[in-house]
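Values reported hereafter were calculated over all heavy atoms of this structure, with side chains retained and with hydrogens, waters and symmetry mates removed. All residue numbers in this chain count up from 1 along the given sequence.
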Amino acid sequence: MAASDLAALAALFADETRAAFLLALLDGRAWTAGELARHAGVAPSTASEHLGKLVTGRVLTEERQGRHRYVRLADPGIAHLVEDLAARSEPAVAAPPRSLAAATAGRAMARGRTCYDHLAGRLGITITEAMTTRGLLRQDTGFALTDRGLAWFDELGIPLERRGRRPVARGCLDWTERRPHLAGLAGAALCRHALDAGWCVRIGSERAVKVTGAGESALHATLGIAPEALR
């Protein structure tokens with residue numbers, strides 16, 4: 001990559017409206033241009049202009065269904081970059097919430113959320129640390145599942161489909177906890193299993209998730225996590 005290419009990529013992130021789009025798209029869904037415009041509080045024409053730049057820069061991909069245009073993050077690497085930038089740019093002293101609803105949503109996001117396709121927030125950190133303590137995951141030489149960790153996924157019936165260049169495990173810096181949580185194929189597979197098995201449910205309109213009673217029991221049985229640590 002030439003210096004000009006790096007500068008061009010950085011410039012795509014250096015706009016508040018485009019940043020709002022990227023943060024919204026961390027939920028892993030495809031959004032329409034209109035939905036993103038309303039989310040960021042800009043005119044549809046403005047949103048379309050910004051989305052065009054992000055698609056051209058290969059930060060987003062798009063598909064059309066009828067008259068609707070849907071966009072999503074181009075790949076997990078882009079999601080990892082957005083989350084990492086969010087963690088590094090979070091102010092040392094957070095601004096007070098503007099309303100009770102905002103405070104409630106903020107607490108829910110900090111407690112547990114999805115980061116593109118894996119679990120984040122205190123929930124993600126708690127699971128990551130429990131896996132490390134039990135010898136399923138190593139963090140001392142970079143993120144890597146141990147043999148015991150691979151066997152643990154097999155025992156739970158969670159397939160790890162190794163396709164492409166995405167690593168099996170990688171650390172993703174959590175923007176609320178300032179510590180790494182589990183990402184990569186293993187993080188995505190565990191998140192998918194948690195939602196499919198009813199260990200977690202999505203709440204609200206953003207990325208927040210909540211651990212269910214069944215999830216508390218399962219995570220206590222499989223990882224020794226105390227239920228109160230998940231609330």
For residues [X] and [Y]: do they belong to one hydrophobic cluster (side chain heavy atoms under 4.5 Å, members Ile, Leu, Val, Met, Phe, Trp, Tyr)?
X      : Y      : value
Leu195 : Tyr116 : no
Tyr70  : Trp31  : no
Phe143 : Leu123 : yes
Leu173 : Leu81  : no
Val82  : Leu25  : yes

From Ile78 atom CD1 to Glu83 atom CD, the distance as rounded to the nearest 0.5 Å: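 Between Ile78 CD1 and Glu83 CD, I get 13.5 Å after rounding to 0.5 Å.
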
Rounded distance [0.5 Å steps], SG in Cys115 versus CG in Asp84: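 It is 9.5 Å, given to the nearest 0.5 Å.
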
Taking atom [atom1] of [X] as the centre, does the number of heavy atoms from other residues, nucleotides or ligands within less than 6.0 Å exceed 12?
X      : atom1 : value
His220 : NE2   : no
Arg111 : CZ    : yes
Asp147 : CG    : no

For a 4.5 angstrom cut-off between non-hydrogen side-chain atoms, does [X] reach [Y]?
X      : Y      : answer
Val201 : Val209 : no
Phe21  : Leu60  : no
Leu145 : Leu160 : yes
Val211 : Trp199 : no
Val59  : Leu9   : yes
Phe153 : Leu190 : yes
Leu36  : Arg18  : no
His50  : Asp15  : yes

Pair Glu129-Leu137, side-chain contact (heavy atoms from CB on, under 4.5 Å): steps then yes or no: CA-CA 9 Å; Glu129 292 184 343; Leu137 178 69; over 6 Å; no

Least distance between heavy atoms, [X] atom then [Y] atom:
X      : Y      : value
Ala130 : Leu223 : CB-O, 3.9 Å
Gly171 : Pro180 : CA-CB, 4.3 Å
Leu26  : Ala79  : CD2-O, 3.6 Å
Thr132 : Thr128 : OG1-O, 2.9 Å

[Y]/[X] salt bridge by N-O under 4.0 Å criterion:
X      : Y      : result
Asp117 : Arg166 : yes
Glu62  : Arg72  : no
Arg231 : Glu216 : yes

side-chain contact (heavy atoms from CB on, under 4.5 Å) evaluation trace for Leu136 with Arg148: CA-CA 5 Å; Leu136 309 179; Arg148 188 189 303 178; 3.7 Å; yes

Parallel, tilted or perpendicular, as decided by the 30° and 60° cut-offs, for the rings of His181 and His118: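 Rings of His118 and His181: tilted, 30 to 60°.
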
Exercise: do Arg113 and Thr176 side chains pair donor with acceptor under 3.5 Å: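 There is such a pair (donor and acceptor under 3.5 Å, judged by atom type) between the side chains of Arg113 and Thr176.
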
Full working for side-chain contact (heavy atoms from CB on, under 4.5 Å) between Met131 and Leu182: CA-CA 10 Å; Met131 291 180 67; Leu182 176 63; 3.9 Å; yes

Lys210 vs Ile203, side-chain contact (heavy atoms from CB on, under 4.5 Å): CA-CA, chis, key distance, verdict: CA-CA 7 Å; Lys210 178 182 179 181; Ile203 57 175; 4.0 Å; yes

